[in-house]
Number of protein chains: 2
Amino acid sequence: MTQRNVAIAIQDSPFARKLAAFVRLSQSDLSVMSEIYQRRRRFSVGVDMIHQGQSGQSAFVLASGWACSYKILPGGTRQIVDFQIPGDFLGLRSVLFRTADHNVEPITPVQASEVTQHDLLDAFARTPRLATAVLWAASRDEAMVVEHLVDLGRRSAAERMAHFMLEMGARLRLVGIGDRTGYACPLSQYLLADALGLSAVHVNRVLRELRESGLLTFQKGRVVFDDHDALVELAGFDRAYLDHDGPLLI
Amino acid sequence: MTQRNVAIAIQDSPFARKLAAFVRLSQSDLSVMSEIYQRRRRFSVGVDMIHQGQSGQSAFVLASGWACSYKILPGGTRQIVDFQIPGDFLGLRSVLFRTADHNVEPITPVQASEVTQHDLLDAFARTPRLATAVLWAASRDEAMVVEHLVDLGRRSAAERMAHFMLEMGARLRLVGIGDRTGYACPLSQYLLADALGLSAVHVNRVLRELRESGLLTFQKGRVVFDDHDALVELAGFDRAYLDHDGPLLI
DNA sequence: GACCTCTGCTGATCCAGATCAGCCCGCACC
DNA sequence: GGTGCGGGCTGATCTGGATCAGCAGAGGTC
């Protein structure tokens, strides 16, 4: 494969597409990325990709499948911080902090490219634009976590659920999965509960309410927006934090 | 002032001290920083430093005083995402995303150094190590937001309060304010309520409970840890996410 | 075919924390 | 010296969501 071909291949990956929304990536940026992107690993459901408290962990770029990052509390309960979908960069903090402050676990079978601490620091030294791009991607993740914080702090259960479903819909559409009408969603009600800070029982009831009021249906692994506008209204959803207007770094 | 003197001055700032925990900063990194650090602006209480939805905003390095970053929901309630103390870098996302997705407001009179979009991108291009350091600082902020998310999702009101007070204590000690016994805290119970996702009434009751059970006293602008170990136990507080073990980038 | 586990679903009851209403104090301001 | 008003503080009441308990179907596995 020639250099040029490699660069074309990587350009089409969801990860590169996401970064390109922020910086115009040079040929050398792309080849550094594609080098990393080649090395694929597979993970099966339930096997931690990153383990809280352990050091020397790698980061990953998700190529296919869904994962979730979460924290376990003394007491056994857990809080899911976010779900990762194809194109997402995960475990950055576990590399920068040497020891991981959270877990990451696949929800479906996952394919991911491993990025070691050495890869990362090396890539930053060689291609500063890439470092800035990763900083941007990390900031976008932080914006999502902040939005989840608002969910838990100030939105009711139904608003939270609506907001979450809309956010996942928007994120998936950005990487070419799903459309305005809905998307395939491999999450169980238990996972939703741990993410939204609710009990599984209550998640079930909220989903029923949303279904019966004709807003949203989540059944058999598929989310359908029955009334997109009403959902946006209910959740106070403003997708500004997800997409930005063209590259900042030319 | 000679180059060397400037470098020495900036090295003692809380901001540089924080970054130095992660990367060994070179002479040129320091001089880029000190250039920015000279330009001080003052803000008084209640005047937004960063305004949600507006574009072309700057970031700031806090030199003195406390600020808070928050989001307003349609409906008027707000959620405080975090408080900023001296040495903190704030508004990074408002620069990287061109338009701000949150507000930042001083809680006490504030002195801060302005960092424009141009400053930031320029500094990154000139000193990649600094870019990595800022990435690290941003990740540390994200780790704090994640911990707040866990607070709201899975901790009871008393646990939340304990966790929050311990976290602020640890952060303040890192920049040389306060000690193991307690610290000066300019927050009102209303601010605490907006940060912890509680009502002000309930904040008051929780504070009384903690006081009466001999764990923590917050009165007249001062937080006193009456039983630090019991607080850590109650909150499940693990300060690993705040301090890391020596520079990663040599 | 018996058994287990996972997930979705439901009713009954309980409780942490919200909401409503109001008092008290210090202090800025005219 | 009245008059706001921003805090802190408190009692009474209400409620969203947790908890407890249990059923049903769909796989998986021996």
Side-chain angles (χ1 to χ4, degrees), chain A residues 44-46 66 68 73 75-80 105-109 151-164 184-213 216-223 234, chain B residues 44-46 66 68 73 75-79 105-109 151-164 184-213 216-224 234:
Chain A
S44 13
V45 180
W66 289 42
C68 72
L73 303 215
T77 56
R78 72 168 177 176
Q79 176 66 43
I80 291 179
E105 181 180 292
I107 289 168
T108 69
D151 274 353
L152 298 194
R154 292 294 177 211
R155 279 193 258 257
S156 73
E159 289 164 2
R160 259 179 246 189
M161 181 65 76
H163 192 276
F164 173 80
C185 176
L187 304 177
S188 71
Q189 295 182 350
Y190 289 85
L191 286 167
L192 282 174
D194 281 345
L196 301 179
L198 300 169
S199 66
V201 174
H202 202 58
V203 164
N204 184 288
R205 292 196 231 270
V206 168
L207 284 174
R208 171 154 53 91
E209 275 167 35
L210 290 174
R211 191 173 350 112
E212 286 174 354
S213 51
L216 170 138
T217 308
F218 175 32
Q219 266 170 344
K220 298 186 181 121
R222 182 149 188 92
V223 172
L234 170 65
Chain B
S44 17
V45 181
W66 288 44
C68 71
L73 304 215
T77 55
R78 72 168 176 175
Q79 175 65 45
E105 183 181 291
I107 290 169
T108 68
D151 274 352
L152 299 193
R154 291 295 178 211
R155 280 193 258 256
S156 72
E159 290 164 0
R160 260 180 245 188
M161 182 65 76
H163 192 275
F164 173 81
C185 176
L187 305 178
S188 71
Q189 296 182 348
Y190 290 84
L191 286 168
L192 282 174
D194 281 346
L196 300 179
L198 300 170
S199 66
V201 175
H202 202 58
V203 163
N204 184 288
R205 292 196 232 271
V206 167
L207 284 174
R208 173 154 53 92
E209 274 166 37
L210 290 175
R211 191 173 350 112
E212 286 173 355
S213 51
L216 170 138
T217 308
F218 175 32
Q219 266 169 346
K220 299 186 180 120
R222 181 149 190 93
V223 172
V224 178
L234 169 66

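Proteins get letters first, then strands, A, B, ... in listed order; numbering begins at 1 in each.
For A/L196 against A/R160, the heavy-atom pair with the smallest separation is O-NH1, 2.6 Å. Annotation for B/D194 and B/R78: closest pair OD2-NE, 2.8 Å, computed over non-hydrogen atoms.
To the nearest 0.5 Å, the span separating CD on A/Q189 from CZ on A/R205 amounts to 11.0 Å. Distance check: B/R208 CZ to B/L210 CG gives 11.0 Å after rounding to the nearest 0.5 Å.
Nucleic acid contact class of A/S199 (heavy atoms, under 4.0 Å, all strands): base. Across all strands shown, B/G221 has no heavy atoms under 4.0 Å from either base or sugar-phosphate atoms. Across all strands, B/V206 comes closer than 4.0 Å to no nucleic acid atom at all (heavy-atom distances).
One cannot find a donor-acceptor pair under 3.5 Å joining the base of D/dG8 and the side-chain atoms of B/R208.
A/Y190 places its OH atom 7 Å from the P atom of C/dT7, with the value rounded to the nearest Å. We find that NZ of B/K220 is positioned 12 Å from C1' of D/dG8, with the value rounded to whole Å. Between B/L152 atom CG and C/dA16 atom P there is a gap of 18 Å when expressed in whole angstrom units.
For A/V201 and B/R155, each mapped to the nucleotide of DNA chain C holding its nearest heavy atom, the one lying further toward the 5' end belongs to A/V201. Residues A/Q189 and A/R154 each lie close to DNA chain C; by heavy-atom proximity, the contact nearer the 5' end of the strand is made by A/Q189.
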